[in-house]
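Beneath this line is the structure, given in structure tokens, with notes to follow.
This structure is a prediction, so every number in the text was calculated from the model and none was measured. Residue numbers begin at 1 in each chain, while the letters A, B, ... track the order of the sequences.
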Amino acid sequence: MEQSKIEQMLASLNPAQREAATYNIGPLLVLAGPGSGKTRVLTSRIAWLLSQDKAEANEILAITFTNQAADEISQRLQEALGQELPRVSTFHSWAYQLLKEGRLDKELLTPIDEELAKDLFKDCALNLGHKAKEAGELYKTLSKLRQEWPLNVDSVPTLNKLYGEYRQQLHRLGVCDFDELILDALRLLSDDHDLRQELIAKIKWILIDEFQDVSPAQYELLKLLAPKNANITFVGDPCQSIYSFRGAEPELINHLQADFPGLETIWLDICYRCPQNFLDGASHMLKAGAPNLFVPKLVSSKGTGKKIALKVCRDEYTEARWIARTIDKIVGGLSFDSINFGKASGQTMRSFNEIAVLYRLNALGDLLEKELKLQGIPVNRPGKAVKSINSDLKKLHHLWEIVHNKNRKFHLEMLAAKTAEDKVNESSLRELELMRLRIEPAELLLKLAQYLELDIDSPSIQGLLKRVKHQQGSFNLSLFMRDEADLLDLNFEAVSLLTLHAAKGLEFPIVFVAGCETGLIPWKENKLIDEERRLFYVGLTRAEDELYLSYAKKRSFWGQRIKGEPSPFIKDIPGNLLRPIKTQRPKKQKAKTRQLTLFD
DNA sequence: GTGGAGAAGATTTTT
DNA sequence: TCTTCTCCAC
């Protein structure tokens, strides 16, 4: 390995970052504020471990929360080192790997995604005499329970039997759901003492990213792998924990000291992303609601910066148009208005992909998308329609997988349960399988839909066909079904429209947060107000240069007209950090005066 | 197994 | 408000 490269890497870190990257031995907690170079630290740390011969690549276990984050770290390591690299994986993929290795004799389990798992669970519930509605409830309850370890399904008597049945079905069909992956790994390691010791001996260094999003079950898995004095590094930011609805337990951070005595804590408190004003506003807001929460004082590397702009709008339409108009001005649009604006304020030109509009509910994105497009602003709205999968699409999906010979047993049974018996017979399936080799994916899909006698003119199937049309070779059909084929591409010249959740981990020079009203932010249905606060904190700390908050005094929502009060969170931002934007009513007059000055 | 009336419920999203 | 779900009658 090139030592100079590593040295260069370490030299570019600030003292706290470097201390974290080169922390020698024992448990370590790195509290990394927004924009404080968390990924750099993780990457440098792995590079340092390897270069100092502290570990071989296979002795390092690096766990991230998403595949995307895992890829990013892998890629950065590849660039820096280009040698044999440690595997960076998610909890789920690591667990899967472990189970695969531990079960060579048995049939390989294939993970299925949540939608399919839910279907199977519901089938089981119906077979055991539960009603459909009840089945949905039970699934939710089970999901919650499965985030804990030891598992306590007995606490809900009706669930006990059902869960047993469900697991049996999963096993029989040779599939596994995501929660079960973690649980199976836990079962395996708690039972097989030798295997556990073997792993402990093998894995010398553990690094956990996004610790604030780890579930209790995942934490138990970590504890099984790491003795009390292990070389384990937790990286996270409790202020950015926003995923409790899918099992994250931010309180776990308080258990660390007891579970790993001698734990050292390092703060990364220099923020390279946001100006000081945004940081101060965001932390003040966070502290106001949770006085007991330790919110670190973040120092910006960029100076004071601009104030946080605040715009009050008459209603949601005015808000959407104001955002559209402001974006147009910022990018130096060609309308008369924009040219004047650009000249008057001496703005630097921006491109669309430097701008993001954030909001709490996907529903708000619809109007924004419409209005921005109306103004000729290109938009990028990844992952908007997550649950557009209807039963036709499900059937089609099953048949697609059967024809591609993936999880054949599972999909055959699921399809059979949804269609008439005689539909799914081997000889016609074989015919379809042969057809697959000859024709394009879109054409095949159409044939499959016709075979199932689905309504091929329905919007869902037409939409799917359209999206699949330009695909070749193999691809993930379920992604296309969920409308997620167009993933967030930041190089694409368009304004990003995102939920606050989806914005996590991203940054943009210019950020709008729309719908900053009581009832929306915090979302009234969420009882965890603190988490809503953290979500807003995440939103505010995405901005590099300019931050605009807006709210509407009236908003139509689910048929009701709601009177919009400003979000209480806005009131928690010190007034001196805010810059109210006034309504520029006398538009004509303004243009006139400006024209006059030109002739002066 | 289909269709229609009526009720319910409507976040956030990764693996 | 508007879409989706549920359930019962046919």
Side-chain angles (χ1 to χ4, degrees), chain A residues 63-71 89-97 110-118 122 126 130-137 140 143 146-147 175-185 209-210 213-215 217-218 221 240-248 358-366 382-391 417-421 423 453 455 459-460 476 478-479 482-484 487-488 498-505 515 519-528 531-532 534-536 538-539 555-562:
Chain A
I63 295 206
T64 58
F65 214 67
T66 61
N67 280 321
Q68 202 191 340
D71 289 346
S89 49
T90 61
F91 270 106
H92 293 89
S93 60
W94 183 80
Y96 179 59
Q97 204 65 36
T110 322
I112 50 173
D113 56 351
E114 173 112 22
E115 200 65 33
L116 296 173
K118 215 171 175 175
K122 278 189 176 169
L126 292 175
H130 294 284
K131 297 211 166 164
K133 201 177 160 191
E134 204 185 346
E137 291 293 311
K140 263 190 210 159
S143 295
R146 289 200 294 176
Q147 306 302 326
V175 293
C176 184
D177 72 23
F178 287 119
D179 285 342
E180 217 53 31
L181 278 175
I182 304 293
L183 296 175
D184 274 345
D209 191 15
E210 306 280 15
D213 289 332
V214 165
S215 72
Q218 289 165 338
L221 191 54
Q240 292 185 68
S241 169
I242 56 175
Y243 281 118
S244 71
F245 66 90
R246 61 168 214 234
L358 313 181
Y359 37 82
R360 176 65 238 260
L361 266 55
N362 253 318
L364 295 201
D366 294 342
K384 57 174 171 181
V386 184
K387 6 177 177 169
S388 60
I389 312 166
N390 58 29
S391 65
K418 288 179 182 4
T419 47
E421 287 283 323
K423 258 286 138 225
E453 293 173 4
D455 175 14
S460 57
N476 186 338
S478 48
L479 277 187
R482 280 182 303 200
D483 242 351
E484 285 171 13
L487 294 165
L488 182 61
L498 300 163
T499 61
L500 288 165
H501 282 89
K504 197 186 168 201
L520 274 175
I521 298 175
W523 173 235
K524 59 184 174 190
E525 303 292 311
N526 190 353
K527 286 169 201 97
L528 304 169
E531 183 161 288
E532 292 288 316
R534 294 193 292 267
L535 187 57
F536 195 49
V538 167
R555 187 183 293 272
S556 295
F557 203 56
W558 292 336
Q560 295 159 297
R561 270 204 96 68
I562 291 169

Per nearest nucleotide of DNA chain B, the residue lying toward the 5' end, R246(A) or K133(A), is K133(A)
Going by 5.5 Å between centroids and 30° between planes, is there a stack of F245(A) over dT12(B)?
yes
Hey, does E531(A) reach any base, or is it just sugar-phosphate, or nothing, if we go heavy atoms under 4.0 Å?
nothing
Does R360(A) get its side chain close enough to the base of dT12(B), under 3.5 Å, for a donor-acceptor pair?
yes
Checking contacts here: which listed nucleotide (dT15(B), dT11(B), dT13(B)) is nearest the side-chain heavy atoms of N526(A)?
dT11(B)
Taking CD from E114(A) and P from dT15(B), how many angstroms apart are they, rounded to a whole number?
12 Å
Roughly how far, to the nearest 0.5 Å, is the CD atom of Q147(A) from the CZ atom of R246(A)?
10.0 Å
Give a yes/no on whether any side-chain N or O of N362(A) is located under 4.0 angstrom from OP1 or OP2 of dT13(B).
yes
Whole-angstrom distance between dT13(B) and dC2(C), as gauged at atom P
24 Å
In whole Å, what is the span from the CD atom of E525(A) to the C1' atom of dA10(B)?
8 Å
Are side-chain heavy atoms of H92(A) and I182(A) found at a separation under 4.5 Å?
yes
Here the distance between atom P of dT6(C) and atom CG of L126(A), to the nearest Å, is 10 Å
P atom, dT12(B) versus dC5(C): distance in rounded Å?
16 Å
Could you state the atom-to-atom distance from CG of D366(A) to C1' of dT3(C) in whole Å?
13 Å
Counting only side-chain N and O atoms of S93(A), is one of them less than 4.0 Å from OP1 or OP2 of dT15(B)?
no
Nearest-nucleotide comparison on DNA chain B, the residue closer to the 5′ end among F65(A) and H501(A)
H501(A)
Angle between ring planes, Y243(A) versus F65(A), binned at 30° and 60°: parallel, tilted or perpendicular?
parallel
Could you tell me whether N67(A) contacts a base, only the sugar-phosphate backbone, or nothing, with contacts defined as non-hydrogen atoms closer than 4.0 Å?
sugar-phosphate
Once you round it to whole Å, what is the distance between C1' of dA10(B) and CG of L361(A)?
9 Å
Report the distance from atom NE2 of H130(A) to atom C1' of dC7(C), rounded to the nearest whole Å.
18 Å
Interatomic distance, K131(A) NZ vs dC5(C) C1' [rounded to whole Å]
14 Å
Between dT11(B) and dT6(C) - P atom distance, rounded Å
16 Å
Counting only heavy atoms not in Q68(A) (residues, nucleotides, ligands), do more than 12 fall under 6.0 Å from its CD?
no
Value in whole Å for how far the P atom of dT12(B) lies from CG of L358(A)
14 Å
Within the side chain of E531(A), is there an N or O that forms a donor-acceptor pair under 3.5 Å with the backbone of S244(A)?
yes
